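Scroll down for the structure; my scribbles are underneath it.
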Amino acid sequence: MGKGNIKVLITILICWLILANATRTKASINTQPMKLTDEASIENVMKSLTIDEKVQLVIGAGYPGPNGVAGSTRSIPRLGIPSIILSDGPAGVRIGGLFAGAPPRIATAFPIPSLLSATWDVKQMQKVAKTMGKEAREYGVDVLLAPGVNIQRDPLGGRNFEYYSEDPFLTGSMATEFIRTVQETGVGTSIKHYAANNQETNRTKINAVVSKRALREIYLPAFEMAVKQAKPWTVMSAYNAVNGVFATQNRTILTGILRDEWGFDGLVMSDWWAVKNPVAALEAGNDLIMPGDYRGPLPMPELGKELYTKSSAPSPELLKAAIQDGILSKEALDSSVRNLLKLIIKTPTFKGEYKNVDYQTKTTLSKKTAKKGARVNREVASEGMVLMKNEKKSLPFKGVKKIGVAGENAVVDLAQSKLGIIIGGGGSAEVNVDPKNVVSLVQGLKNADYAVVDSINGKKVIEGLSKNEAVNLAKNTDIGLVFIGRQSTEGADRPDMSMKPVEIQLIKDLSEAYHAEGKKLVVVLNIGAPIEVANWSDYADSILLAWQPGQEGGNAIADVLSGRVNPSGKLPVTFPVKYSDVPSYGNFPGDTVNNVVHYTEGIYVGYRYYDTKKINPAYPFGHGLSYTDFAYSNLKLSSAKYLLSKNEPLSISIEVTNIGPVSGKEVVQLYIHDQNSKLERPFKELKGFKKIFLKPGQTKKVTFAIDKRALSAFDDKLNKWIAEPGKFTVLIGSSSQDIKQEAEFMGVGKDVN
Ligand code: BGC
């Protein structure tokens, strides 16, 4: 080989080396992990994540989360994946305080969700949700663990106060508005507890045996409506089992129904320590195991048994071993990680919006936000209070200057945590308040310039009364007020719904004493769920259901009693005459030895039952009085026929006039009755409602649109919703029992879906 040739060869070799090196540098740039930046980056991040990292991500970061929040997720800083903050709850932002290992963070304790739905007013819901979203943002919360939309199956349910109603349509409508509005503030929600979590007794073990039809018609529709219409960022799976499979591991409900049928594309997280078998949970579609630390024995393995006994904690190590052993599929893990990344990129934390939040030292809201919270609380609370009885228009107060207040519930004793009012229920829905911000009943009345007599002969009247004292009180004051309270909390159902004999005696004695003076007696109920009323209501001239109205409760009660606000709340739940009348009586809380509860009442829950079986309640679903009166006229349907083969809306209109002396709001309720059906059906079902404001003499036209679903029932055998041909009745009323106008139409043709 000549010298020239060697030169050429060396040149080629050098060029090749340079090129190869350049390519290698380029290749190494390509393998640099791509950080999470947006939706488009997710697939690359998925490729960069190791198995060890993925199994970390699907398990929460432990309880409590930073600064006492309920939980958080784990971060992978090398890929730009931050930890996000999950915080309760349905009646306000709950951070720190009891059990949370951090100082309480003061937030607005809003009225309980049962009161919110008793407003039957989506605009009120928007106000609360917007304010709650703002408070969540001040505390750096990414996902608010709310709303709770389980149906109030039995009046003794310990968490009924946290839930909306006995009716799925009302629940779904209110929850949809809550979710939409909170998420508009940039904070996510977690609709919970999916599904059939209707009791607290043995809640982590109980198997709810529910017919397919009752699930579809009663227990799932609120989730369905909210998922389809408001797209919650997350869903929380429940503690209990549904038809034999734990909700956290139930593929039928988590994947089959939620994702495949309803199109949910968010993240499913478990309730706290609810996952028994992490492998089964991930395989079923439960993406995130919360809160991530281990509590107590995990009793019932179903899948991945060997691993389960090796280590029962839902740890990343366990999941990694499950992947290696082929028990957990890579696809299931990937799908959950992907759902988490999709959630993370939506959060304020990820977007850098919380950089200025000083989580560690911040223990109160800004003055402006706190003020807004109180204002919204007061307004909404008065809108959701229900005037159950008002004999001879005893309310609002007329010529009343001095009020005689009785009832242990009105006692203020901070040392014993008695605030002079019950502002909300207990558990994860409890909000940390500053007692200074709580307006007791007595304070509320005083703020409204009433003189309150709660002390006679140096003794506090509110702690109890002798007959003589009752007579004295009645002589000394213009009107009597008995304040009855009940508390309940997550983790336990209520023992009964009865009134204590001393309470009934107190009401009776005061009733006699005040009536002897030609004066009135008002009973105010400060409760979260129905109690017995029929056995004492005759003694009271008026009964106001104030619920647990949040920290501004005293002011809101005074607003309604004084007439500053005309009450317009309606019952979202039936008040039965006695507990033995309730449809789940005898099947609640079920067999607590074998941990099974049979929902034998099927679809006959709440008014669907009382109405169909003709059992008179004390106060029916939808009931609530006003200081004015309304007249209904001109019910019109857009057509006398409804073509079942199409799904076009049927338009229904009615005119409502305020025929009383003062401005007021009415909730116009639309029920459908199916006259000819092969499937057994409840007598009527709520399918629409609207709240309107009317000045005296004013008339407004209210319009509804219903579709085929409003006429349908779920056929267990066909496994689908069907609308049967035949006659239907539209019933419009001011309660489920006070129907003002009716009209018929014909469902024709065949429902071909
Ligand atoms: C409750 C959930 C709550 C969670 C976190 C659980 O005990 O059931 O509703 O969100 O705790 O506090």
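Worth saying up front: this structure is predicted, and the values here are computed from it rather than measured. We count ligands from 1, going down the list as the structure has it; atoms in each ligand are counted the same way.
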Region of Arg203 that comes within reach of ligand 1 [heavy atoms, distance under 4.0 Å]: side chain
Aromatic ring proximity, centroids under 6.0 angstrom, Trp262 and Phe223: no
Heavy atom of the protein closest to atom 9 (O) of ligand 1 (residue, atom name, distance): His193 NE2, 2.7 Å
Atom 2 (C) of ligand 1 [closest protein heavy-atom partner, distance rounded to 0.1 Å]: Asp271 OD1, 3.3 Å
Sole residue of Ser428, Pro113, Pro147 in side chain to side chain contact (heavy atoms under 4.5 Å, CB included) with Pro90: Pro113
Any N/O pair Trp272/ligand 1 closer than 3.5 Å: no
Nearest-0.5 Å distance that lies between atom CG in Leu282 and atom NZ in Lys54: 12.5 Å
Minimum-distance protein heavy atom relative to atom 12 (O) of ligand 1: Asp88 OD2, 2.4 Å
Ring-face cation contact, Tyr599 with Arg153, 6.0 Å cut, 45° max: yes
side-chain contact (heavy atoms from CB on, under 4.5 Å) between Tyr194 and Ile257, intermediate numbers included: CA-CA 11 Å; Tyr194 187 64; Ile257 297 177; 3.8 Å; yes
Asp88 and Lys192 ion-paired at < 4.0 Å: yes
Atoms in ligand 1 flagged as close to Ser428, the criterion being non-hydrogen separation under 4.0 Å: 1 (C), 2 (C), 3 (C), 9 (O), 12 (O)
Heavy atom of Trp273, distance to ligand 1 below 4.0 Å: no
Any Arg159 heavy atom less than 4.0 Å from ligand 1: yes
Atoms in ligand 1 with a heavy atom of Met236 nearer than 4.0 Å: 10 (O)
Carboxylate-amine/guanidinium proximity below 4.0 Å for Asp287 and Arg259: yes
Arg94 touching ligand 1 at heavy-atom level, < 4.0 angstrom: yes
N or O pair under 3.5 Å between Glu490 and ligand 1: yes
Whether Trp120 and Phe621 hold their rings parallel, tilted or perpendicular, with breakpoints at 30° and 60°: tilted
